[in-house]
K.L.:
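Just dropping this structure here.
The sequence lines fix the lettering, A, B, ..., with proteins before strands; numbering per chain opens at 1.
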Protein chains: 2
Amino acid sequence: MDANQVEQVRRFNRLVTRRIGALSDDYLSRGRPLGEARLIFEVTSAGGMDLGRLRGKLGLDSGYMSRLLRSLEKQEMIEVRRKAGDGRAREVILTDKGRQEFAAYDSRSAKLARSMLSPLEEGQRERLVSAMAEVERLIRASFVTVAEESPRQADGRWCREQYFAELSRRFDGGFDVATGDPSDSADLLPPSGSFVVARLDGEPVGCGGLKTLDAATGEIKRVWTSASARGIGVAGRIMARLEQSAREAGFSVLRLDTNRSLVEAQALYRKLGYREIGRYNDNPYADHFFEKRL
Amino acid sequence: MDANQVEQVRRFNRLVTRRIGALSDDYLSRGRPLGEARLIFEVTSAGGMDLGRLRGKLGLDSGYMSRLLRSLEKQEMIEVRRKAGDGRAREVILTDKGRQEFAAYDSRSAKLARSMLSPLEEGQRERLVSAMAEVERLIRASFVTVAEESPRQADGRWCREQYFAELSRRFDGGFDVATGDPSDSADLLPPSGSFVVARLDGEPVGCGGLKTLDAATGEIKRVWTSASARGIGVAGRIMARLEQSAREAGFSVLRLDTNRSLVEAQALYRKLGYREIGRYNDNPYADHFFEKRL
DNA sequence: TCCATTACCTGACTTTAGTCAGATAATAGG
DNA sequence: CCTATTATCTGACTAAAGTCAGGTAATGGA
């Protein structure tokens, strides 16, 4: 990246944090500590939430968050109750009063947005809005992390379920996990395999796995990106990470299989240097097979 | 403006303040309280400053700021000394150590920018940087204010000087104020005239005047936009404001003259509904004349 | 010269934000 | 059933941020 790009990003960061940042805090705090305001905002926009998820999203210490919750409870903005199905975990919901409060935030935030648009002419508005959308997408992309995780933990399992659900939707005639690939998380566990999860703000938005076929050959499995995070290079980064793991594991060849209906996936594999080979397994759902030498 | 535009702006504001805002604070605080960091940053970028001005810029309580200053003095980052000419007021300057410290902030801010670019591919980087530039320009545009001011105060005079300087640069054979239009600020004073200044963050970036030709006819004069603020609709907003004043003053017709070398100006006038007419004065620098019925 | 004003400083305070070390209760896995 | 783990809470702390009521010294105008 060149120095002008860095300079532009710095100017942008300065402008935006100074100006919009200060303004939004003003608009949104409504005489309430910012921590509480952020919490109530986050809860509303999801319409109730597990504490754990909330903590991850806001990046708060569990003790601190607990105190924020007690304070909002005392103000009757929220209710915290046991979560059905797991008595340890709890979840927050807004009371009626909390919903009213949120409505107030909401209207102030809309007002701030309008105050930015209204001095502009229609053409400028359109350009601003579309440039903002572009910046938003790309900044989200730049905040995606890809890290090795256990395929057995909740988020890993969730990702694979999403993956299977997508296959069912897209394959002609649906998809049945047991038929397609009876093996599962065991193959993706170290030391013989690995599993990575892509996250954005703590939320899983993609995954991918690597398993051993033989001492020199690894196989890429379960590469998936959530609909909300497509088109921003997540799958490419998952693949890069898996290839790195494969090199570290001493594989010299990577293989993968896929279905004709997953056209974007095939395009990605080709772009990354995979070339099509003949069938190497008896997966009934697979009809395209790829290989890459590392 | 439509609801989708407002929604996009809100999403953008949220994203950018939460994410970039929090990150920049992190990057820039360098183990020092944010207040001190902001203070040192502000002092450096202006290269020394009066306390009063600084207080205004940072929006701090005088007691709080005083303590920040003492702390930075103890760390030998700054020196605070009596201001020459007024023994009550004082001014801050950076020590050598303070300048080094600033250099460190500077490099961290560049690092933050790089950390946003580096996860992206080159094509994405280019798109991000150009979208950021667009957002920056248009947000700046949306923060421009246009208000009536006295043409005789320092900023108003400065704007008109800039305007004349530009005419000298652009007209073939230069420009001499006395020849071009001997009348000046008197014509632009209420009640027979008016004068508006466009500002961005308090700095003047444009101006425009309205004078009386006869009871029914006003004349637009001295419409200028600073080079730093072109292409973001400042002149259009100045014109809109002057036309509003003209209506309030009871004029039914507006006239203006201009020179063939000011092509953007002519394009703007046409766009705003002015049509070209014959010469109505003997300004030797003018060769195009326009009129609009209000 | 006197007095109100201005510019800043000090001390005493409060609130917000955040950390850390246990405590408690439910659950999952063997 | 036992044990380790997980999810949350509580108490005891600290640092930063901000407020407020005086206090001092210089200034400017009557």
Side-chain angles (χ1 to χ4, degrees), chain A residues 21-22 25-26 28-43 48-75 78-93 149-150 152-157 185-186 189 202, chain B residues 18 21-22 25-26 28-43 49-75 78-93:
Chain A
D25 287 356
D26 257 27
L28 297 182
S29 73
R30 291 239 314 154
R32 185 188 309 290
L34 201 61
E36 289 184 9
R38 289 210 300 147
L39 198 152
I40 210 171
F41 189 88
E42 215 53 66
V43 171
M49 207 186 264
D50 295 2
L51 295 204
R53 183 137 270 181
L54 188 57
R55 210 169 44 240
K57 238 182 163 158
L58 295 170
L60 299 177
D61 171 87
S62 83
Y64 183 35
M65 198 174 80
S66 187
R67 247 176 293 275
L68 288 180
L69 291 171
R70 291 301 82 69
S71 157
L72 287 169
E73 253 177 345
K74 201 175 289 167
Q75 295 167 59
I78 58 169
E79 270 171 41
V80 181
R81 61 182 185 200
R82 285 224 128 56
K83 197 180 155 185
D86 186 342
R88 296 166 300 183
R90 315 223 299 158
E91 57 186 6
V92 216
I93 51 164
E149 294 191 20
S150 161
R152 295 199 154 148
Q153 293 204 317
D155 287 340
R157 282 206 310 272
S185 63
L189 280 171
Chain B
R18 290 283 126 84
D25 289 356
D26 254 31
L28 296 181
S29 69
R30 290 244 310 159
R32 182 186 311 291
L34 198 61
E36 291 184 8
R38 288 212 300 149
L39 198 152
I40 211 172
F41 188 87
E42 216 53 66
V43 171
M49 207 187 267
D50 293 2
L51 294 205
R53 235 180 111 77
L54 190 56
R55 212 168 43 240
K57 228 169 175 170
L58 295 170
L60 299 177
D61 170 87
S62 83
Y64 183 33
M65 199 174 80
S66 188
R67 246 176 295 274
L68 289 180
L69 291 170
R70 290 303 83 69
S71 158
L72 287 169
E73 253 178 346
K74 201 175 289 167
Q75 297 168 59
I78 59 168
E79 270 171 41
V80 180
R81 60 181 185 202
R82 284 222 129 57
K83 199 181 154 182
D86 186 341
R88 294 167 301 181
R90 314 191 27 179
E91 57 185 8
V92 216
I93 51 165

K.L.:
Separation of B:Leu69 atom CG from D:dG18 atom C1', in whole Å?
P.N.:
15 Å
K.L.:
With sequence neighbours left out, write down each residue that passes salt bridge (charged side-chain N to carboxylate O under 4.0 Å, His left out) with B:Glu79, or none if nothing qualifies.
P.N.:
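Counting only residues at least two positions away or on another chain, B:Glu79 forms no salt bridge (charged side-chain N to carboxylate O under 4.0 Å, His left out).
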K.L.:
Once each nucleotide of nucleotides 25-30 of chain C is scored for protein heavy atoms under 4.0 Å, what B/S/- sequence comes out, 5' to 3'?
P.N.:
-BS---
K.L.:
Starting from C1' on D:dT8, measure out to CZ on A:Arg53 and report it in whole angstrom.
P.N.:
17 Å
K.L.:
According to side-chain hydrogen bond (donor to acceptor under 3.5 Å, both in side chains), who are the partners of B:Lys57, at least two apart in sequence or on a separate chain?
P.N.:
none
K.L.:
Whole Å only: how far is the CG atom of A:Leu51 from the P atom of D:dT6?
P.N.:
17 Å
K.L.:
Using OP1 and OP2 only, check whether a side-chain N or O of A:Arg90 sits under 4.0 Å from D:dA7.
P.N.:
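So the side chain of A:Arg90 is outside the cut-off, no N or O lying under 4.0 Å from OP1 or OP2 of D:dA7.
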K.L.:
Would you check if A:Leu39 and A:Met65 make a side-chain contact, meaning some heavy-atom pair closer than 4.5 Å?
P.N.:
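Side-chain contact under 4.5 Å: yes.
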K.L.:
Return the set of residues passing salt bridge (charged side-chain N to carboxylate O under 4.0 Å, His left out) with A:Asp86 (not counting sequence neighbours), or none when no residue passes.
P.N.:
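Partners of A:Asp86 by the salt bridge (charged side-chain N to carboxylate O under 4.0 Å, His left out) criterion, ordered by chain and then number, come out as A:Arg88.
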K.L.:
Side chain of A:Leu34, heavy atoms from C-beta onward: which of C:dA17, D:dT8, D:dC9 has the nearest atom to it?
P.N.:
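When the side chain of A:Leu34 is considered, C:dA17 is the closest of C:dA17, D:dT8, D:dC9.
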K.L.:
Atom CG of B:Leu68 and atom C1' of C:dT10: how far apart are they, to the nearest Å?
P.N.:
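The distance from CG of B:Leu68 to C1' of C:dT10 comes to 14 Å, rounded to the nearest Å.
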K.L.:
Using whole Å, report how far CG of A:Leu39 lies from C1' of C:dG18.
P.N.:
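So the CG-C1' distance, A:Leu39 to C:dG18, works out to 15 Å.
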K.L.:
List for me each residue that meets salt bridge (charged side-chain N to carboxylate O under 4.0 Å, His left out) alongside B:Arg53, sequence neighbours excluded, and say none if there are none.
P.N.:
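By the salt bridge (charged side-chain N to carboxylate O under 4.0 Å, His left out) rule, B:Arg53 matches no residue at all.
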K.L.:
Taking CD from B:Glu91 and C1' from C:dC9, how many angstroms apart are they, rounded to a whole number?
P.N.:
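Going from CD in B:Glu91 over to C1' in C:dC9 covers 18 Å.
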K.L.:
Can you sort out the partners of B:Arg32 under salt bridge (charged side-chain N to carboxylate O under 4.0 Å, His left out), two or more places apart, ordered by chain and number?
P.N.:
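For B:Arg32, the residues satisfying salt bridge (charged side-chain N to carboxylate O under 4.0 Å, His left out) (neighbours in sequence not counted) are B:Glu36, B:Glu101.
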K.L.:
Closest nucleotide of DNA chain C for A:Gly35 versus for B:Ser66: which of these residues is on the 5' side?
P.N.:
B:Ser66
K.L.:
For B:Arg38 and D:dA16, what is the distance between atoms CZ and C1' respectively, to the nearest whole Å?
P.N.:
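Atom-to-atom, B:Arg38 to D:dA16, this comes out as 13 Å.
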K.L.:
Answer with base, sugar-phosphate or nothing: what part of the nucleic acid does B:Arg67 contact at a heavy-atom distance below 4.0 Å?
P.N.:
base
K.L.:
To the nearest 0.5 angstrom, please state how far the CG atom of B:Leu68 sits from the CG atom of B:Leu58.
P.N.:
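Interatomic distance, B:Leu68 CG to B:Leu58 CG, rounded to 0.5 Å: 8.5 Å.
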K.L.:
Please, which pairs that meet salt bridge (charged side-chain N to carboxylate O under 4.0 Å, His left out) have at least one residue in residues 60-71 of chain A, sequence neighbours excluded?
P.N.:
A:Arg70-A:Glu73
K.L.:
Expressed in angstrom and rounded to an integer, what is the separation of B:Arg32 atom CZ from D:dA15 atom P?
P.N.:
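B:Arg32 atom CZ is separated from D:dA15 atom P by 16 Å.
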K.L.:
Give, ordered by number, those residues of residues 55-65 of chain A having at least one heavy-atom distance below 4.0 Å to an atom of DNA chain D; if nothing qualifies, reply none.
P.N.:
A:Arg55, A:Ser62, A:Gly63
K.L.:
Please tell me if the side chains of A:Val43 and A:Leu72 come closer than 4.5 Å, counting only heavy atoms from C-beta onward.
P.N.:
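They are not in contact (no side-chain heavy atoms under 4.5 Å apart), so the answer is no.
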